[in-house]
Amino acid sequence: MERGMISVDRWAQGSQAYFLTHLHADHTVGLTPTWKWGPLFCSQVTAKLFLTKFDQFNKLSLLRILDLGRWYSLPLFSPSSGQPVTIQVMAIDAHHCPGAVMYLFRGEFGCMLYTGDFRWETVDPRAEIARGMLLEALKGVKLDILYLDNTYCDPSYCFPSREDASRQVVDIISSHPNHDIVISIDSLGKEDLLFYISKKLKTKDIFTTNTSLTRIRAIPRYSFSMETLQALNLMRPTVGIMPSGLPWMKKIFSGPGNVVGPSPSHGVTCSKTRKQNGVLAITEICNEYIYTVPYSDHSCFSEIKKFVELLQPTDIRGTVSSSPSNVEPRNFFGNQKPFGEVRAGKHEGPQVRSPIETVESILARRERIIKRCGRLISRHFISRLDRVRLLRRLRRGIKITDSEFSP
DNA sequence: GCGATCAGGT
DNA sequence: CACACCTGATCGC
């Protein structure tokens with residue numbers, strides 16, 4: 001395809017149509033509320049999340065929602081000849097985080113698939129549907145280029161399905177019936193895990209910000225540390241679960257689908273790096289509070305391999321340049337012509353909203369808070385740094401109280 | 001004064 | 001050693 005036609009997860013001026021695979025921050029660099037370079041296509045779920053994230057998005061008319069599994073025709077033009085060109089696109093569930101999709105394009109240039117970030121588990125019924133859509137759409141068609149999420153495209157990356165990992169998390173929680181549990185999460189991507197936990201443990205309130213109702217809490221990953229766990233343990237016996245410890249998993253799990261034993265980090269010495277005089281030194285710190293579980297929203301190597309073998313693309317291009325091994329996918333597949341923060345003495349609940357809360361009510365509430373915030377900001381004459389800090393927190397949906405404005 | 005972006009951290 | 005996302009500083013309109 002010519003340059004100047006479409007962009008996927010890239011937000012520079014110069015394309016005629018822009019595609020967003022999912023809402024993680026590293027895929028939206030350059031995308032701002034003042035977006036104006038062209039129509040922005042995404043899934044229904046991403047569109048909803050998008051509007052809560054970019055609440056001042058002023059070009060609603062540029063947002064285009066794509067249903068999954070349907071072909072859409074885009075009338076574009078060739079930048080070189082000026083002639084009209086039609087491109088067809090289909091969005092397919094990528095099983096990465098809520099709303100994440102892959103995009104399948106076809107046109108005069110041939111056929112290409114951009115996976116975005118994706119996980120290709122075969123056991124999940126949702127994955128079955130995506131698989132069906134993909135195969136149906138590609139029936140009798142040669143896939144010319146596969147733009148592939150090659151994050152873990154190295155045979156040494158071998159970890160279990162998210163359901164297995166979720167089971168491990170539940171086992172850890174069950175084996176600590178009298179402990180508080182804190183689970184480190186990012187703002188988007190561990191919802192299924194939290195839902196699984198609440199379902200298996202029959203937690204009464206599925207999601208709540210009232211921390212007195214539950215011993216299991218989700219906290220932001222950036223506030224999850226050894227120090228945090230030690231501080232929490234001064235108050236109540238608490239274990240922390242990190243559903244993401246993948247780099248440490250390299251070569252630990254010997255095969256796909258293996259039953260995974262107790263978390264390897266528990267009771268095992270963890271290492272921490274510290275900078276001394278500009279030189280990296282390793283400080284060994286033993287911790288007894290933290291479990292890591294290999295819960296990944298990216299495909300492991302065997303899943304990537306299966307995916308590539310299924311699609312038989314003519315060419316493959318990795319989309320993650322800083323992939324661990326920094327390995328081009330084709331090396332492996334031949335040239336295939338083929339919430340809250342924890343503070344001293346106090347913590348707020350998970351930053352997970354009730355599923356019944358609508359986008360409209362979130363936006364309306366946010367609007368009210370921002371208005372009130374504006375009044376308080378001018379009344380208290382706070383510094384720019386404090387203001388930036390407050391606005392960032394507002395954007396994340398964290399509750400702001402009057403005391404935050406105290407001089 | 002403000003949003004956007006970078007560097008450096010977890 | 002990944003990923004996603006935080007903070008504070010700086011840039012540029």
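So you know, we letter chains A, B, ... as the sequences are listed, proteins then strands, and number each from 1. No experiment lies behind these values; they were computed from the predicted model shown.
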Residues that A:His27 engages under ring-ring contact (aromatic ring centres under 6.0 Å, His included), provided they are two or more places apart: A:His22
Has the side chain of A:Arg221 got a donor or acceptor atom sitting under 3.5 Å from an opposite partner on the base of C:dC3? yes
Look at the side chain of A:Tyr157 and decide which nucleotide, out of C:dC5, C:dA2, C:dG8, has an atom nearest to it. C:dA2
Candidate nucleotides B:dA4, C:dC5, C:dG8, ranked by approach to the side chain of A:Leu385 - the nearest: C:dG8
Ranking B:dT5, C:dA4, C:dC3 by distance to the side chain of A:Asp26, first place goes to C:dA4
Whole-Å gap separating P (C:dC6) and NE2 (A:His24): 11 Å
Report the nucleotide, chosen from B:dA4, C:dC3, C:dC5, that has the shortest atom-to-atom distance to any side-chain atom of A:Leu188. C:dC5
Assign A:Asp117 to base, sugar-phosphate, or nothing according to its heavy-atom contacts below 4.0 angstrom with the strands shown. sugar-phosphate
Against the side chain of A:Tyr222, the closest entry in C:dT7, C:dC6, C:dC3 is C:dC6
Using a 4.0 Å heavy-atom cut-off across all strands, classify A:His96 as base, sugar-phosphate, or nothing. sugar-phosphate
Residue pairs passing the salt bridge (charged side-chain N to carboxylate O under 4.0 Å, His left out) test with at least one member in residues 295-304 of chain A, sequence neighbours excluded, are A:Arg119-A:Glu303, A:Arg162-A:Asp297, A:Lys190-A:Asp297
Should A:Thr151 be listed as having a side-chain N or O under 4.0 Å from OP1 or OP2 of C:dA2? no
Picking from C:dT7, B:dT10, C:dA9, the nucleotide nearest the side-chain atoms of A:Ser225 would be B:dT10
Taking 4.0 Å as the cut-off, does a side-chain nitrogen or oxygen of A:His27 come that near to OP1 or OP2 on C:dC5? no
Would a line drawn from the ring center of A:Phe118 to the ring center of A:Phe307 be shorter than 6.0 Å? yes
So if I apply the side chain to side chain contact (heavy atoms under 4.5 Å, CB included) rule between A:Ile181 and each of A:Thr238, A:Ile216, A:Leu201, A:Thr214, which one comes out positive? A:Ile216
